[in-house]
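In this text, all values refer to a predicted model and were calculated from it rather than measured experimentally. Along the sequence shown, residues carry numbers from 1.
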Amino acid sequence: MKSKAPDEAIQSAMEHEKIYSQLVEQSSEIIIIHQNHRVLYINESGSEALKGTKKEIIGASVLGIIKEEYKEAIKQRIQKVMSENKPAQLIEQTMLRLDGTPIDVEVNCTPLIYGNQRAIQSVLRDITPRKEAERKNLELIKEINSISAPIVPIFEGVSILPLVGSIDSSRAKQLAEEIPTKVHNLNIDSLIIDFSGTYNIDSVVIAYLLQISEAISLMGIHPILTGLRPDLARKVLETGVDLSTFDTMATVQQAVSYLAIKNK
């Protein structure tokens, strides 16, 4: 097969480069080419997403869109891409637009030759809507979890806190912050904390839940722990907490009977 003449090869390469440039320019993703932290190129979608003009962004420091607390880590990431001459691992990052507002992105950095110079092409995909949806979902879960652990009055001066379902460290921390305030406003003398409906509790969660007991004790409220199955009791002991310092009973019914007799 006859090979292309040099002029044809050059013309073909130029056409391919032109097509690539058009694809990059029309891409919906933010594409930035930078060298030594200076922006050499940004596509139209990128300048619009960052709320600036190409004139403002090209020539500026790429670190200008990075939050201060992440700048050193990003410098090291860029240095690694250049020294190893291979793409960096995809990461999620919150960056800043030129007007100071945040934008959540997925960032992919790849080394390339740009204008006969070694540089880095960073492709940023805007995931702000997805991250906002995730944040709203977490807030909803937090609200549901708060509702799912109500303090229920049993009789005068006595209420129960039924813990239901899986409790992770985030929910346990939330309970540790909210419960003392709630019981303070209920004017009760005793609170039954029932563990019988829980599962998947680890030592960190147990520490938070026992913190609730200690906090309300300091407020003059008598905590009674019920429903501590053998596996939960063992995990409590593994945390170094002495259960003998707390009143524990097998069931809520036993605790209610005990308090009913005590309060006569």
Side-chain angles (χ1 to χ4, degrees), residues 19-35 37-82 86-112 114 119-149 164-178 200 204-205:
I19 293 171
Y20 175 76
S21 297
Q22 289 174 344
L23 290 173
V24 169
E25 190 62 31
Q26 294 170 9
S27 172
S28 61
E29 296 176 330
I30 304 167
I31 299 177
I32 303 173
I33 298 175
H34 50 97
Q35 180 195 57
H37 303 153
R38 293 292 165 186
V39 178
L40 303 178
Y41 168 83
I42 186 168
N43 64 346
E44 192 64 36
S45 295
S47 60
E48 289 178 1
L50 295 179
K51 297 189 181 297
T53 64
K54 288 192 174 188
K55 186 176 180 180
E56 289 176 304
I57 297 170
I58 294 175
S61 173
V62 73
L63 298 175
I65 60 173
I66 307 297
K67 286 188 170 184
E68 193 64 38
E69 60 264 36
Y70 302 128
K71 283 186 178 180
E72 189 56 40
I74 295 300
K75 285 181 183 179
Q76 293 176 12
R77 176 178 165 88
I78 291 172
Q79 183 179 3
K80 185 176 180 181
V81 171
M82 292 297 286
K86 63 181 184 180
Q89 185 178 5
L90 184 71
I91 62 169
E92 292 185 1
Q93 182 94 51
T94 301
M95 295 185 172
L96 297 172
R97 298 183 176 93
L98 268 65
D99 63 0
T101 58
I103 177 172
D104 294 308
V105 293
E106 283 181 343
V107 187
N108 185 15
C109 295
T110 307
L112 82 168
Y114 184 79
I120 293 177
Q121 176 177 276
S122 293
V123 179
L124 287 63
R125 177 173 296 170
D126 186 356
I127 57 171
T128 305
R130 191 192 85 195
K131 299 300 285 186
E132 182 61 29
E134 289 176 1
R135 282 190 283 268
K136 287 183 178 179
N137 189 45
L138 286 174
E139 289 175 3
L140 179 61
I141 291 172
K142 184 177 179 181
E143 183 179 344
I144 291 172
N145 284 339
S146 179
I147 295 171
S148 66
V164 179
S166 178
I167 302 179
D168 58 15
S169 58
S170 176
R171 183 184 176 197
K173 182 180 179 182
Q174 178 193 352
L175 290 172
E177 293 170 350
E178 294 180 355
N200 293 341
V204 175
V205 172

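Nearest heavy-atom pair across Ile74 and Gln93 is CD1-OE1, 3.4 Å. For Leu112 against Gln121, the heavy-atom pair with the smallest separation is CD2-N, 3.4 Å. Closest non-hydrogen pair, Lys131 versus Asp104, comes out as CB-OD2, 3.4 Å. Shown here for Cys109 and Ile120, the closest heavy-atom pair between the two residues is CB-CG2, 4.0 Å. Residue Leu40 comes nearest to Ala119 through the heavy atom pair CD1-CB, 4.3 Å, listed as atom of the first residue, atom of the second, then distance. Considering every non-hydrogen atom in both His34 and Ile32, the closest pair reads CD2-O, 3.9 Å.
Put simply, the residue from Ile30, Thr53, Ile57 that forms a side chain to side chain contact (heavy atoms under 4.5 Å, CB included) with Ser47 is Ile57.
When atom types are taken as modelled, the side chain of Thr128 and the backbone of Ile103 share no donor-acceptor pair closer than 3.5 angstrom. A donor-acceptor distance shorter than 3.5 angstrom exists from the side chain of Arg97 to the backbone of Pro102, with no hydrogens or angles considered.
Atom CD of residue Glu48 and atom NZ of residue Lys54 lie 9.5 Å apart, to the nearest 0.5 angstrom. We find the OG1-CD distance between Thr94 and Glu92 to be 8.5 Å, quoted to the nearest 0.5 Å. For the atom pair CD (Glu106) and CG (Leu90), the distance works out to 5.0 Å, reported to the nearest 0.5 Å. For the atom pair Arg135 CZ and Arg130 CZ, the distance stands at 10.5 Å (nearest 0.5 Å). Distance CD/Gln79 to CE/Met82: 10.0 Å, rounded to 0.5 Å. Here CD1 of Ile66 is found 3.5 Å from CE of Met95. Values are rounded to the nearest 0.5 Å.
For Lys80, the NZ atom is loosely surrounded, since the number of other residues' heavy atoms within 6.0 Å does not exceed 12.
Counting heavy atoms from C-beta outward, Ser27 and Asn43 have side chains that approach closer than 4.5 Å.
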